[in-house]
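These notes are about the structure you will find just below.
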Amino acid sequence: MSSKSYINLLVLLFVISSCNTVRKIVNKDQSAQKPVTKVYSNEKREFINGIEVTLGTVTTTKHKTSSTSTTAKKKATSNGGNPPTKAELEKANWLQIKYAIVMDMPAEELTNIPLLELMDKWWGTRYCIGGSTMNCIDCSAFTQVIMKEVYNTQLPRTAQEQFNSMQPIAIDELQEGDLVFFNTGGRGISHVGIYIQNNKFLHASTSQGVTITDLSDKYWSPKFRGGGRMR
């Protein structure tokens, strides 16, 4: 092979090699220019059974004239009027979750934190006639405690006296803080509880102690004698 042919062959090989290199570079550049799709998680954390919880706040019943109860005022002015601590908020949120499950309703609708705290404090306290302490308590003494500490309202001692002092309220007009009355035997009113929400009432039951019951309960529904609200 002549030297000229040898040189031409080298040039041809160089050109082919260069094209392959350029092609690789171009391919590499194009792949780098492909749009990169980033997937950002929009995960929404929920609590039990899809319950979403808001921070604990304090409200009172709609029919009360005062904007806050005595207990609520104490809460609002504690720590020199500072916002609630993280521990207080966590406790409030937990109570909302706990009683939302018991009452079968959204946790964010349970905003009366002083009521939830008192319910939790007394929950399961056993029933005894004439009792008025956390050792044992009867139904009318329990309504006295709740109405005084949460709603700043003083009630008479017995269920019948409480019934007599109330403005009658139809069952479909009941609001949180109204009383509900029953006749469990004999004449007159023999049992009383406090209406909360979602057709539920809080009371000191002879069989379960302090508990929450539905007004549609097969035992209590036939014995219901009406609701009452402070005049």
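Values reported hereafter were calculated over all heavy atoms of this structure, with side chains retained and with hydrogens, waters and symmetry mates removed. Bear in mind the structure is a predicted one, so any value in this text is a computation, not a measurement.
Side chain of Glu109 to main chain of Pro106: no donor-acceptor pair is present (N/O by atom type, distance under 3.5 Å, no hydrogens or angles). Using modelled atom types, no side-chain atom of Thr125 and backbone atom of Val210 make a donor-acceptor pair closer than 3.5 Å. Side-chain atoms of Arg225 do not come within 3.5 Å of backbone N or O of Phe182 as any donor-acceptor pair. In terms of modelled atom types and a separation under 3.5 Å, the side chain of Asp217 and the main chain of Tyr219 share a donor-acceptor contact. A donor-acceptor pair under 3.5 Å is formed between the side chain of Gln144 and the backbone N or O of Leu155. Between the side chain of Asp178 and the backbone N or O of Gly227, no donor-acceptor pair lies under 3.5 Å.
Remark: Asn199 CG to Ser216 OG distance equals 4.5 Å, nearest 0.5 Å. Distance OH/Tyr195 to CZ/Phe201: 11.0 Å, rounded to 0.5 Å. A distance of 10.5 Å separates CD1 in Ile194 from SG in Cys139, rounded to the nearest 0.5 Å. Separating the CD atom in Gln197 from the CD atom in Gln175 is a distance of 10.5 Å, to the nearest 0.5 Å. One distance of note links CE of Met119 with CD1 of Ile196; it measures 4.5 Å at 0.5 Å rounding. Between the CD1 atom of Ile113 and the CG atom of Asn93 there is a distance of 7.5 Å, given to the nearest 0.5 Å.
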Tell me, with the steps shown, if Leu202 and Tyr99 meet side chain to side chain contact (heavy atoms under 4.5 Å, CB included). CA-CA 12 Å; Leu202 175 68; Tyr99 287 100; over 6 Å; no
After noting the C-alpha distance and the side-chain angles of Met230 and Met166, does the key distance pass the side chain to side chain contact (heavy atoms under 4.5 Å, CB included) rule? CA-CA 5 Å; Met230 289 299 297; Met166 295 285 137; 3.0 Å; yes
Would you check, one step at a time, whether the test side chain to side chain contact (heavy atoms under 4.5 Å, CB included) holds for Glu108 with Gln96? CA-CA 7 Å; Glu108 61 267 21; Gln96 286 177 303; 5.6 Å; no
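Side-chain contact between Lys200 and Thr213 is absent, with no heavy atoms from C-beta onward closer than 4.5 Å. The shortest distance between side-chain heavy atoms of Asp104 and Asp214 does not fall below 4.5 Å.
Leu118 and Phe142 fall within a single hydrophobic cluster, where Ile, Leu, Val, Met, Phe, Trp and Tyr side chains are chained together by heavy-atom contacts under 4.5 Å. One hydrophobic cluster, built from ILVMFWY side chains closer than 4.5 Å, cannot hold both Leu179 and Leu174; they sit in different ones. When hydrophobic clusters are built by joining Ile, Leu, Val, Met, Phe, Trp and Tyr residues whose side-chain heavy atoms come closer than 4.5 Å, directly or via intermediates, Ile189 is grouped together with Met147. Linking ILVMFWY side-chain heavy atoms closer than 4.5 Å, directly or via other members, places Leu215 and Ile169 in a single hydrophobic cluster. Met105 and Val180 fall into different hydrophobic clusters, where Ile, Leu, Val, Met, Phe, Trp and Tyr are joined by side-chain heavy atoms under 4.5 Å apart, directly or via other members.
Between the side chains of Ser140 and Arg157, at least one donor N or O lies within less than 3.5 Å of an accepting N or O.
Surrounding NZ of Lys98 are more than 12 heavy atoms belonging to other residues, nucleotides or ligands, all under 6.0 Å away.
Classified by interplanar angle (parallel below 30°, tilted 30° to 60°, perpendicular above 60°), the ring pair Phe163/Phe181 is perpendicular.
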